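Below you'll find the structure, written out as C-alpha cells, and then a few comments.
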Number of protein chains: 2
Amino acid sequence: MVEFDDLDRQILDLLLEDARRSFREIADEIGRSAPTVSNRVDRLRELGVIRRFTLDIDRSMLTTGEQSLVVARVQPSAAEPLADALADDEAVEHVLRGVGGTVVAKATVDTSTLDGLLGDLSEAYPDADWSVEPLVGTRWDPHLGVTGGFGLVCTVCGNTITEDGVDVEVESGNRHVVCCSTCAADITEQYERLADAE
Amino acid sequence: MVEFDDLDRQILDLLLEDARRSFREIADEIGRSAPTVSNRVDRLRELGVIRRFTLDIDRSMLTTGEQSLVVARVQPSAAEPLADALADDEAVEHVLRGVGGTVVAKATVDTSTLDGLLGDLSEAYPDADWSVEPLVGTRWDPHLGVTGGFGLVCTVCGNTITEDGVDVEVESGNRHVVCCSTCAADITEQYERLADAE
DNA sequence: CCTGAAACGCCTCCGTT
DNA sequence: AACGGAGGCGTTTCAGG
C-alpha cells in the first residue's frame with residue numbers, strides 16, 4: 001500500500017504552518033483521531049515526504065546573520081556536481097538548482113569568508129558566470145503547491161502512484177516509492193549493479 | 001532585559017535539527033530544566049528570532065511538486081519592491097534578495113503557470129534581466145551561522161545588543177529590539193511620524 | 001532567571017471494529 | 001485503515017530561592 005490522499009495534504013498544510021501543533025488539534029481539524037494523524041505523520045517521514053521538522057529563523061536579528069547569496073550559471077550538465085560541491089560546504093545552508101544550469105546557494109557567512117570555497121569552484125568551473133552578494137532579505141511562506149492535484153510520483157518513470165504502488169527497500173536502508181512492479185524491478189537492479197561496482 | 005546567549009544558540013541548534021524534539025530532551029542536553037527551555041523558546045518566538053516551526057518537504061515526491069526558479073537582476077533600488085511583489089503571489093514560497101539587486105524566488109508552480117505574474121513584473125521592471133527555469137533539485141541543511149560570535153543586533157544602528165538593550169513595543173503590536181535608549185527613541189519617533197502621515 | 005513539584009494535556013500502544 | 005481507552009511522557013504553572 002502506497003498512497004497519498006487529501007488527508008495527508010491537509011496534515012502537511014497544518015504542519016507547514018506550525019510544526020509543533022499537537023496531533024490532537026490536527027485530528028480535530030481534519031475530523032479524525034489523534035492516532036490516525038500520528039500514523040500518517042510517521043508514514044510521511046518514512047517515505048521521505050517530510051524530510052525534517054525545523055525552524056524558520058530571522059537571521060537578520062542575529063550577529064551570526066551575515067549571509068551571502070551566490071548565483072552561478074553553468075552548463076546544465078555541470079549544475080548537479082556544482083550544486084553538490086556547494087551543499088557539501090558547512091557554511092552553505094540552501095542550494096537550488098534549475099534545469100537550465102542555474103545554481104543558487106545561500107550561505108551563512110559573509111562574502112569575504114566565502115571566498116576560499118568560491119575561488120576553488122571558480123577554477124573547477126571556468127566557464128561559469130558567478131555572482132556573490134551579501135544577502136539582505138529573505139521571506140518564506142511555507143505551503144504546498146497551489147495546483148489542484150496531489151499524489152505521489154514514481155521516482156523511476158514519473159507517473160502518479162496509485163493503489164498499485166510499491167514501496168521498495170533498497171539495501172542501504174533507503175526506500176523508494178515506485179508506481180508498479182516493473183519500476184520496482186528496475187530500481188532494485190540499478191542498486192544491485194551499483195553494489196557490484198564497488 | 002534583552003539578551004541572547006549560548007543557551008539560546010544551543011536551543012536553536014537543536015530545534016533546527018528536529019523541531020518536534022521535546023523540551024525536556026533539550027533541557028537534559030543543555031543542562032537546564034524543561035520550564036527554562038519553554039520560557040526561552042517563548043521569548044525567541046516573541047522576539048521574532050523564531051519566525052515559525054515548520055517542515056522541510058521533499059516536493060519532488062509529490063505531483064504538486066512542479067516548481068520554478070526565478071532569478072532577476074534589477075537596479076538595487078528596485079530590488080526590494082520587486083521582492084515584495086514576488087512574495088505577495090500565493091505561488092511564491094521563497095524570496096531571497098541580495099544587496100546588489102539580485103532577487104531569487106522559488107515558486108510552487110511550473111514555469112508556464114508563472115507566466116502571468118512574470119509578464120506583469122517584466123513590464124513593471126523593463127530594465128531587469130530575468131531567467132525562469134524548472135527547479136530540479138533543492139537541498140537544505142538547517143543550521144545557525146558557522147561564525148563564532150552570536151548575539152542580537154540593533155535594528156536601528158546595527159550594533160550588538162548588550163544588557164543595556166531595550167525591547168520596544170510600537171503601536172501596531174510589533175516589537176523591535178534596539179541597543180540603547182537613543183535608538184529606542186529613534187524608532188518610536190519614526191513610528192509616530194508614520195502614524196501622523198496617515 | 002532559575003528550579004522542583006504537581007496538574008494537566010498529549011502521544012502512542014493495544015485491542016477492537 | 002481507523003477508533004477509543006489507558007498508561008506514560010511532556011508541558012506549563014506556581015511557589016520559592
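All values reported here derive from a predicted model rather than from experimental measurement. All values below were derived from every heavy atom in this structure, side-chain atoms included, with hydrogens, water molecules and symmetry-related copies excluded. Each chain gets a letter, A, B and so on, in the order the sequences are listed, and its residues count up from 1.
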What nucleotide among [options] has an atom nearest to a side-chain atom of [X]?
X     : options                : value
A:P35 : D:dA2, C:dT3, C:dC13   : C:dC13
A:S33 : D:dT12, C:dT12, D:dC3  : D:dC3
B:R24 : D:dG10, C:dC11, D:dT12 : D:dG10
A:F23 : C:dA5, D:dT11, C:dC11  : C:dC11

Output the rounded distance in Å from [atom1] ([X]) to [atom2] ([N]).
X     : N      : atom1 : atom2 : answer
B:I11 : C:dC1  : CD1   : C1'   : 13 Å
B:R43 : C:dC1  : CZ    : P     : 7 Å
A:L44 : D:dA1  : CG    : C1'   : 15 Å
B:D42 : C:dC2  : CG    : C1'   : 15 Å
A:R32 : C:dC11 : CZ    : P     : 18 Å
B:E25 : C:dC11 : CD    : P     : 16 Å
A:N39 : D:dC3  : CG    : C1'   : 11 Å
A:D28 : C:dC10 : CG    : P     : 9 Å

**Request:** Classify the ring geometry between A:H94 and B:W140 as parallel (under 30°), tilted (30 to 60°) or perpendicular (over 60°).
**Result:**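 It falls in the parallel class, under 30°.
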**Request:** Could you pick out which residue, A:R20 or A:R40, lies toward the 5' side of DNA chain D when each is mapped onto its nearest nucleotide?
**Result:**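 Closer to the 5' end of DNA chain D: A:R40.
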**Asked** Just checking B:T36: base, sugar-phosphate only, or nothing, at a heavy-atom cut-off of under 4.0 Å?
**Response**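 Base: the residue B:T36, judged by heavy atoms under 4.0 Å, touches a nucleobase.
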Does a donor on one side chain sit under 3.5 Å from an acceptor on the other, for [X] and [Y]?
X      : Y      : value
B:T138 : B:R59  : no
A:D115 : A:S112 : no
A:T108 : A:E93  : no

**Request:** Might you work through the side chain to side chain donor-acceptor pair (under 3.5 Å) test for B:N39 and B:T36, ending with a clear yes or no?
**Result:** CA-CA 5 Å; B:N39 290 335; B:T36 300; 5.7 Å; no
